[in-house]
Amino acid sequence: MMNRKFAALALVSALVLNSAIAKAEGKDGVAAVVNGQNLTVVEIRDMYETMPGVKDKVSFEEFYEKTLNDFIGNELVFQAATADKVTESDEYKKQLKAAQKDIAGKIYLKNKVESMIGEEQVKKVYDDYKKNFKSEKEVKAKHILVDTEAKAKEVISKLDNKGDFDALAKEYSREPADLGYFTKDMMVPEFGEAAFALGKGVYTKMPVKTQFGYHVILVEDIRDGKPMEYEKIKPQLKALLAKGALGKLLEGISSQAKVTMYDLKGNEIKQEAPVAPKK
């Protein structure tokens, strides 16, 4: 009885908290009103939370600014499709049924895998990582990537005349300047050779050509590599454990399954091993 009370309190607290967050963002939690239909900030945040690859690179604020128009566009198309009675069609119902299986399976596997991975397991893998870590030289660098050698030389000329690297990166570079710390073999050979030949605070005096274009590289720091801090590498370790846990889970599902398969002529297809579910 006490557990139920605590569960109810937790639920109420979560609802109140989510409500407070929603009202704090957008206009009372609303990101846009599309033909009278509210598109909420929570919907966009939920999408952001399901995209770990994106979360690691951009903040929610940046994601929101870049994708709000996409969400509005999707809502407009959905409204048009609904008005055209697409949601009542046999084709829609058929695809929806297929999507439901896919979504249910993904949620099941995600929940099961997460329940198989505890903090102790992650810390054990981290301890093994630290124990076996071999230090390598690392540099912290920035780069400006351009399409032509002439443009790269133009950047270098401006640096020679006391130009600001970050300002020039914003003006010229095709991608973000900051590369953080890396070892030589983490980069393509031409880039790695050039970066590790520089001293601290030095930039390349000639453009560095790679398969991606022409680079101007600035080395900000040089250090001996050390193990990553637990909290920073934890997501990678969990992903590694998740891969193994998923394999075991699918193996278990497959080994307990009773499957009979037929070819197009109705003849039974003999299986030497159970059919394994898709990962």
Give me the atom names and distance for the closest heavy-atom approach of [X] to [Y].
X: A141; Y: D178; result: O-OD1, 3.8 Å
X: L198; Y: I222; result: O-CD1, 3.8 Å
X: K123; Y: Y230; result: CG-OH, 3.4 Å
X: A177; Y: A169; result: CB-CB, 3.7 Å
X: V86; Y: S89; result: O-OG, 2.6 Å
X: K234; Y: V122; result: CG-CG1, 4.0 Å

Checklist entry - Should we say atom CD of E119 is surrounded by more than 12 heavy atoms from elsewhere, each under 6.0 Å from it? => result yes

Item to check | Residues, nucleotides or ligands: over 12 heavy atoms within 6.0 Å of F78 CZ | outcome: no

Could you tell me the separation between the [atom1] atom of [X] and the [atom2] atom of [Y], rounded to the nearest 0.5 Å?
X: T183; Y: K134; atom1: OG1; atom2: NZ; result: 14.0 Å
X: K97; Y: Q100; atom1: NZ; atom2: CD; result: 9.0 Å
X: E49; Y: F63; atom1: CD; atom2: CZ; result: 10.0 Å
X: E65; Y: E62; atom1: CD; atom2: CD; result: 7.5 Å
X: I144; Y: Y172; atom1: CD1; atom2: OH; result: 9.0 Å
X: D221; Y: K140; atom1: CG; atom2: NZ; result: 7.5 Å

Determine whether a donor-acceptor pair (N or O, by modelled atom type, separation under 3.5 Å) exists between the side chain of [X] and the backbone of [Y].
X: Q121; Y: G118; answer: yes
X: N132; Y: D128; answer: yes
X: S255; Y: E251; answer: yes
X: D102; Y: A98; answer: no

Checklist entry - What do the steps show when you test M47 against F71 for side chain to side chain contact (heavy atoms under 4.5 Å, CB included), and what is the final call? => result CA-CA 10 Å; M47 175 64 75; F71 276 86; 3.7 Å; yes

Next on the checklist: Any carboxylate oxygen within less than 4.0 angstrom of a Lys/Arg side-chain nitrogen, looking at D127 and K131?
Outcome noted: no

Checklist entry - Salt-bridged, E114 to K110, with N to O below 4.0 Å? => result yes

[Y] reachable from [X] in the ILVMFWY side-chain graph, under 4.5 Å edges:
X: F191; Y: V146; value: no
X: L145; Y: V188; value: yes
X: V208; Y: F182; value: yes
X: I269; Y: V259; value: yes
X: Y181; Y: F196; value: no

Side chains of [X] and [Y] in contact at under 4.5 Å (non-hydrogen atoms):
X: E25; Y: Y64; answer: no
X: E175; Y: F212; answer: no
X: I72; Y: N69; answer: yes
X: V139; Y: L179; answer: no
X: V202; Y: V219; answer: no
X: Y48; Y: T67; answer: no
X: F60; Y: V41; answer: yes
X: E75; Y: Q79; answer: yes

Item to check | Full working for side chain to side chain contact (heavy atoms under 4.5 Å, CB included) between M187 and H143 | outcome: CA-CA 12 Å; M187 298 298 181; H143 77 142; over 6 Å; no

Item to check | Pairwise salt bridge (Lys or Arg N to Asp or Glu O under 4.0 Å) hits with a residue in residues 254-268, at least two apart | outcome: E268-K270

Checklist entry - Which pairs, with at least one residue in residues 159-169 and sequence neighbours excluded, count as a salt bridge (Lys or Arg N to Asp or Glu O under 4.0 Å)? => result K142-D166, D160-K205

Next on the checklist: Could you list the cluster mates of I103? Members are the ILVMFWY residues connected by side-chain heavy atoms closer than 4.5 Å, either directly or through other members.
Outcome noted: I107

Checklist entry - Can you list the steps and then say if N38 with T40 is a side chain to side chain donor-acceptor pair (under 3.5 Å)? => result CA-CA 6 Å; N38 286 351; T40 67; over 6 Å; no

Item to check | Audit row: L76, N35, side chain to side chain contact (heavy atoms under 4.5 Å, CB included) steps and yes/no | outcome: CA-CA 8 Å; L76 285 169; N35 294 328; 3.7 Å; yes

Checklist entry - Given the rule in the side chain to side chain donor-acceptor pair (under 3.5 Å) test, do T210 and H215 qualify, once you have shown the distances and angles that lead to the verdict? => result CA-CA 8 Å; T210 72; H215 307 257; 2.7 Å; yes

Item to check | Stepwise side chain to side chain contact (heavy atoms under 4.5 Å, CB included) check, Y108 with I253 | outcome: CA-CA 12 Å; Y108 168 79; I253 293 171; 3.9 Å; yes

Checklist entry - For the residue pair Y126 and Y129, does the interplanar ring angle fall in the parallel (under 30°), tilted (30 to 60°) or perpendicular (over 60°) class? => result tilted

Item to check | E138 and its side chain to side chain donor-acceptor pair (under 3.5 Å) partner, picked from K184, K226, R223 | outcome: R223

Checklist entry - In a check of side-chain contact (heavy atoms from CB on, under 4.5 Å) between P207 and each of V216, I156, I217, which one passes? => result I156

